Amino acid sequence: MASPVFRGKAITYGDDVNTDVIIPARYCTSFRAEELALHCMEDLDPEFLKKRRPGDLIVAGNNFGCGSSRENAPLAIMGAGIACVIAKSFARIFYRNSINIGLPILESPEAAQAIAEGHEIEVDLGAGRIRNLTTGASFTAHPFPEGIRAIMAAGGMVGFVRARLGVDAPAQPGRERKRSQG
Amino acid sequence: MGMTIAEKILAAHAGVPVVRPGELYFAGLDLVMGTDVTTALSAEVFAQMGAQRVFDPDKVALVNDHFVPAKDIAAATLAQTMRRFAERYGIRHYYELGSSGICHTLVPDEGLVSPGDLVVGADSHTCTYGAVGAFATGIGSTDMAAAWALGESWFRVPETFRVIFRGRLPEWVGGKDLILRVVGDLGEDGARYKALEFVGDTIETLPMAGRFTVCNMAIEAGAKTGIIAADDATREYLKGRATRHGVYHRPDPDARYARTLEYDVSGLEPMVACPYSPANVKPISQVEALPIDQVVLGSCTNGRVEDFRIAATILKSRGVHPKLRLIAIPGSQAVFRQLLYEGIVAVLAEAGATISPPTCGPCIGGHMGVLGPGERGLFTTNRNFKGRNGHPTSEVYLSGPAVAAATAATGKITDPRTLMG
Ligand code: SF4
């Protein structure tokens with residue numbers, strides 16, 4: 001992953017945040033991160049787009065990203081400039097999708113419990129360390145299993161499959177995978 | 001120590017004698033399924049992966065169902081991308097309007113899944129195919145592209161929960177009520193990352209339609225898959241459909257279950273999930289008489305011929321309440337044809353239902369019956385999250401077809417047992 005240490009403010013949500021509220025299906029005729037970002041969280045939290053700054057983090061409760069398999073959900077979050085999602089736990093398809101597209105996620109019930117809206121958070125992704133700069137508390141996220149680390153080390157599933165297939169040429173441009181700048 | 005059905009299927013596909021929960025394996029796939037809403041992104045990612053060919057074009061299914069008939073230009077473009085992908089890579093199991101249907105109704109009906117199969121689909125309700133004794137689970141678009149390229153996918157072996165149903169189902173109570181009860185008890189993440197194995201004499205006597213409904217909603221409790229051991233009813237259903245025999249796994253007697261839930265269903269009431277969660281489940285007696293604006297009969301949960309037979313029995317000689325809109329959506333073209341032959345389309349149309357072509361439509365808030373501000377719907381679908389079916393202030397209640405039809409007749413949530421006497 002590109003930026004292993006980052007800082008931002010926490011935007012907090014509760015349990016069972018489903019992919020229908022992360023990005024409603026009515027917008028899923030697009031899979032461009034920057035287009036999806038315009039509607040990210042709008043049914044759950046209409047203020048989200050106004051309050052988030054690039055580099056902020058989402059901190060949530062249990063089962064974040066439950067519901068539909070739509071990859072549009074982590075794409076929308078990425079497109080909105082969110083640097084990392086910390087949750088008590090993730091729904092399994094959302095977890096896979098995030099790893100695959102390179103959206104940083106960390107599972108830490110302790111951190112998710114202790115972080116409040118607006119807290120300044122520092123994340124060292126490689127070490128799985130979360131520091132609450134506002135309160136001074138620090139936490140260690142659940143480590144990723146080895147097989148998943150291999151996918152993360154390849155920068156996501158595209159790089160992983162290219163290596164498996166022995167494709168040498170650089171990835172074709174096309175899909176916007178970077179976070180939006182604005 | 002023995003293995004559960006989920007463990008046996010993963011072991012067989014990972015090429016190892018035994019697997020244990022928590023282990024991670026790359027395992028070979030028997031089918032990779034995509035739809036018009038997820039495939040276009042996969043096609044793009046597949047190109048980025050530099051893949052030249054699909055691992056086995058006969059093990060890929062592509063289904064037009066979510067936004068069909070195309071609801072707008074963007075949806076038409078998604079479908080076009082999938083169509084071109086199917087042509088380019090020689091995908092035989094490509095389903096176009098006129099022979100298509102909702103993926104989870106169509107795919108098993110077409111015989112594409114056999115007992116013992118390992119299946120992934122870029123749709124969260126892929127777990128439906130557990131009803132034929134397969135391990136089937138939902139993935140995202142990038143995972144699907146990887147599965148096309150590699151013919152395998154990674155799996156963390158889940159722990160299994162055993163759900164035992166005993167006793168005879170009362171009249172007008174069916175598979176939907178069983179699974180709503182379980183999801184209500186487990187909560188939205190009560191079975192997160194687990195496999196649910198449904199057993200007991202109620203399941204053994206449950207027709208295939210009901211088994212599909214039960215497995216379909218395993219994901220609503222967060223489960224990775226729901227599985228029912230394939231038996232004679234499965235064999236009978238697959239006759240003339242499947243081209244492969246499959247492996248009829250049974251759990252070992254000493255298989256390890258993380259949890260066991262037991263139900264005596266002989267006194268089970270019809271169940272209703274209230275807004276905004278499929279786990280917010282109440283017996284119908286607690287929600288009766290609530291006025292409803294629109295009823296939707298259909299979806300991959302309850303869009304089978306058996307579901308519409310129940311609805312037609314209730315609505316025959318009873319009109320749809322004048323203040324309520326009833327939308328009936330056959331799960332596939334084949335279901336639609338059968339409803340025509342049996343005269344059910346006529347019964348529903350005479351009662352005042354609007355009959356839609358097979359589509360996901362209102363289940364995903366796409367088209368064909370999206371709810372407006374403050375409107376209240378009762379759907380036989382599987383999810384009622386805020387904003388899923390229309391305006392964020394609209395509300396959806398979930399039920400089986402009997403409650404839905406009784407409600408359509410009276411305009412308010414109605415227990416079919418009181419209506420039918
Ligand atoms: S009917 Fe609903 S739940 Fe089923 S596949 Fe379609 S959108 Fe998904």
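Proteins get letters first, then strands, A, B, ... in listed order; numbering begins at 1 in each. Values reported hereafter were calculated over all heavy atoms of this structure, with side chains retained and with hydrogens, waters and symmetry mates removed. Source: prediction; values computed, not measured.
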Do [X] and [Y] have side chains that approach each other closer than 4.5 Å (heavy atoms only, starting at C-beta)?
X       : Y        : value
A:Tyr95 : B:Arg192 : no
B:Leu41 : A:Leu75  : yes
A:Ile93 : B:Ser124 : yes
B:Leu78 : A:Phe31  : yes
A:Thr29 : B:Val37  : no
A:Leu44 : B:Lys386 : no
B:Phe26 : A:Arg164 : yes
A:Arg96 : B:Thr142 : no

If you measure only the distance, is there a donor-acceptor pair under 3.5 Å linking the side chains of B:Arg383 and A:Ser68?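 Not at all, the side chains of B:Arg383 and A:Ser68 share no donor-acceptor pair under 3.5 Å.
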For B:Thr38 and A:Glu71, does a side-chain donor sit closer than 3.5 Å to a side-chain acceptor?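 No pair is found: no donor N or O on one side chain lies under 3.5 Å from an acceptor on the other.
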Does A:Asn18 reach the main-chain N or O of B:Phe385 with its side chain, forming a donor-acceptor pair under 3.5 Å?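 No; judged by distance alone, with no hydrogens or angles, the pair does not exist.
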State the SG-CD1 distance between A:Cys28 and B:Ile364, to the nearest 0.5 angstrom.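 If we round to the nearest 0.5 Å, A:Cys28:SG and B:Ile364:CD1 are 7.0 Å apart.
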Quick one: pull up CZ in B:Phe67 and CZ in A:Arg26 and give me the separation to the nearest 0.5 Å.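 Rounded to the nearest 0.5 Å, the CZ-CZ separation comes out at 11.0 Å.
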For [X] against [Y], the heavy-atom pair lying closest together:
X        : Y        : answer
B:Pro392 : A:Asp43  : CG-OD1, 3.6 Å
A:Met157 : B:Asp143 : CE-OD1, 3.6 Å
A:Asn97  : B:Gly140 : OD1-CA, 3.1 Å

Would you say that more than 12 heavy atoms from the other residues, nucleotides or ligands in this model lie under 6.0 Å from the [atom1] of [X], or not?
X        : atom1 : answer
B:Arg20  : CZ    : yes
A:Arg149 : CZ    : yes
B:Arg83  : CZ    : yes

Please state whether the side chain, the backbone, both or neither of [X] comes within less than 4.5 Å of a heavy atom of chain A.
X        : value
B:Ala145 : neither
B:Ala51  : both
B:Asp36  : neither

Evaluate the side-chain contact (heavy atoms from CB on, under 4.5 Å) criterion for residues B:Thr137 and A:Arg92: first the C-alpha distance (whole Å), next the side-chain angles of each, then the deciding distance (0.1 Å), finally the verdict. CA-CA 10 Å; B:Thr137 192; A:Arg92 58 163 286 276; 2.7 Å; yes
With chain B as the partner, which of [options] has the greatest number of non-hydrogen pairs under 4.5 Å?
options                             : result
A:Ile148, A:Val21, A:Thr19, A:Asp15 : A:Ile148
A:Val161, A:Asn72, A:Ile151         : A:Val161
A:Ala91, A:Ser89, A:Pro145          : A:Ser89

So which residue, B:His66, B:Glu152, B:Gln52, B:Lys71, ends up with the most heavy-atom pairs under 4.5 Å with chain A?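 That would be B:Glu152.
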When only pairs under 4.5 Å are counted, which of B:Asp189, B:Asp123, B:Leu24 shares the most heavy-atom pairs with chain A?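 Max contact count across the listed options: B:Asp189.
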